[in-house]
Amino acid sequence: MSTSEIHPNVKRVIYTEKEIKERVSELGRQISQDYKDSKNLVLVGILKGSFVFMSDLVRSIHLPNTNVSLEFMSISSYGAETSSSGVIRIMMDLRTSIEGKDVLIIEDIVDSGLTLKHLMELLNHRNPNSLHTAVLLRKKEGLKVDVPVRYMGFDIPMVFIIGYGLDFAENYRELPYLGELKEECYKK
Ligand code: XMP
Ligand code: MG
């Protein structure tokens, strides 16, 4: 990728399109192996950040003997714009029951882990057969709570990431790579 194709608010590209594609395919292979005996697998995408990751991931999943379905939830966490409080509010809930099904939550990024932890507790109460998580990015140094990530894309440093579905104030989701947002764009 030439520098002229990189968005001017991006400090550096953290992962290129090609690197993401390879990693996501690998995750898809692992998921296909682990769920080959599952009857019903429900992939729950957390909007909006996971939409690009999810669309690539599902196309790497090959489970001919499983009913694979996609559902979406939209949640928002209270708090400052670049960090979360972990108190989540459901803006859009699942439309179907997950009782007795194998559920895989698809998330874009885990920082403190609070959002995902609350979400797992919430969905566990609905009695799925199993509940696991696939997360594209994890800020390991940001973790405040222990939250199990079964399928992990990349561990990343404590910088603000945009692109490949991830936003800052609803912008930059369309960038095909994962980039570090320039600090002057979010710090005053
Ligand atoms: P917690 O701290 O609850 O945060 O694990 C997870 C949520 O915080 C947002 N988040 C980010 N969003 N780039 C983003 O676009 C980032 O670098 C970033 N760090 C945290 C995100 O909404 C995630 O669901
Ligand atoms: Mg966001």
Side-chain angles (χ1 to χ4, degrees), residues 6-17 19-20 23-24 27 42-58 70-94 103-125 131-188:
I6 299 171
H7 193 285
N9 291 350
V10 169
K11 187 172 170 185
R12 68 187 171 109
V13 173
I14 304 257
Y15 290 105
T16 63
E17 254 187 285
E19 288 167 332
I20 302 168
R23 186 69 194 123
V24 173
L27 295 180
V42 185
L43 304 167
V44 174
I46 308 305
L47 296 173
K48 303 175 188 167
S50 72
F51 86 102
V52 181
F53 175 41
M54 184 148 168
S55 78
D56 281 346
L57 187 64
V58 295
L70 310 191
E71 293 291 335
F72 295 94
M73 277 180 93
S74 171
I75 59 174
S76 77
S77 55
Y78 296 97
E81 278 194 26
T82 55
S83 68
S84 86
S85 63
V87 180
I88 59 171
R89 185 162 49 144
I90 299 179
M91 314 298 285
M92 186 188 93
D93 206 342
L94 301 176
V103 174
L104 186 58
I105 299 174
I106 317 287
E107 251 287 39
D108 54 351
I109 185 163
V110 168
D111 185 349
S112 68
L114 289 164
T115 306
L116 192 56
K117 190 172 196 291
H118 279 249
L119 188 63
M120 286 190 82
E121 283 166 9
L122 192 113
L123 294 185
N124 246 328
H125 278 113
L131 180 66
H132 292 288
T133 54
V135 172
L136 179 66
L137 302 169
R138 179 172 61 185
K139 292 180 177 171
K140 249 194 154 167
E141 294 156 55
L143 286 178
K144 288 187 189 148
V145 289
D146 197 25
V147 64
V149 177
R150 198 187 207 191
Y151 306 98
M152 240 275 299
F154 305 104
D155 268 318
I156 52 157
M158 295 296 287
V159 295
F160 200 83
I161 306 291
I162 51 169
Y164 196 70
L166 285 89
D167 74 309
F168 175 69
E170 293 302 326
N171 291 134
Y172 314 111
R173 293 192 197 275
E174 76 283 9
L175 303 179
Y177 50 83
L178 286 159
E180 177 181 345
L181 181 64
K182 283 184 181 168
E183 284 188 14
E184 64 257 38
C185 299
Y186 63 93
K187 283 189 181 155
K188 283 168 202 134

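Counting convention: from 1, in listed order, for ligands and their atoms alike. Just so it is clear, the structure is predicted and the values come from calculations on it, not from any experiment. FYI, side chains are in, hydrogens and waters are out, and symmetry mates aren't considered; it's all heavy atoms of this structure.
Heavy atoms of K144 come nearer than 4.0 angstrom to ligand 1 in no pair at all. Using a 4.0 Å cutoff on heavy atoms, D108 counts as a contact of ligand 1. Ligand 1 is approached by V159 to a heavy-atom distance shorter than 4.0 Å. Taking a 4.0 Å cut-off on heavy atoms, L114 registers as neighbouring ligand 1.
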key: L137 vs E107, side chain to side chain contact (heavy atoms under 4.5 Å, CB included): CA-CA, chis, key distance, verdict   = CA-CA 8 Å; L137 302 169; E107 251 287 39; over 6 Å; no

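Against a heavy-atom cut-off of under 4.0 Å, K139 is close to the following atoms of ligand 1: 16 (C), 17 (O), 18 (C), 19 (N). Interface of S112 with ligand 1, defined as ligand atoms under 4.0 Å from a residue heavy atom, comprises 1 (P), 2 (O), 3 (O), 5 (O). Taking every non-hydrogen atom of T115 and a distance limit under 4.0 Å, the qualifying atoms of ligand 1 come out as 1 (P), 3 (O), 4 (O), 6 (C). Shown in contact with I161 at under 4.0 Å from a heavy atom are these atoms of ligand 1, numbered in order with element: 13 (N), 14 (C), 15 (O), 16 (C), 17 (O). Listed by number with element, the atoms of ligand 1 under 4.0 Å from a non-hydrogen atom of G113 are 1 (P), 2 (O), 5 (O).
V44 places none of its side-chain heavy atoms less than 4.5 Å from the side chain of L119. The closest side-chain heavy-atom distance from L43 to M54 is below 4.5 Å. At a threshold of 4.5 Å between non-hydrogen side-chain atoms, the residues M73 and L123 count as touching. The shortest distance between side-chain heavy atoms of I46 and D108 does not fall below 4.5 Å.
The heavy-atom pair separating V24 from Y164 by the smallest distance is CG2-OH, 3.8 Å.
Atom NZ of K182 is surrounded by more than 12 heavy atoms from other residues, nucleotides or ligands within 6.0 Å.
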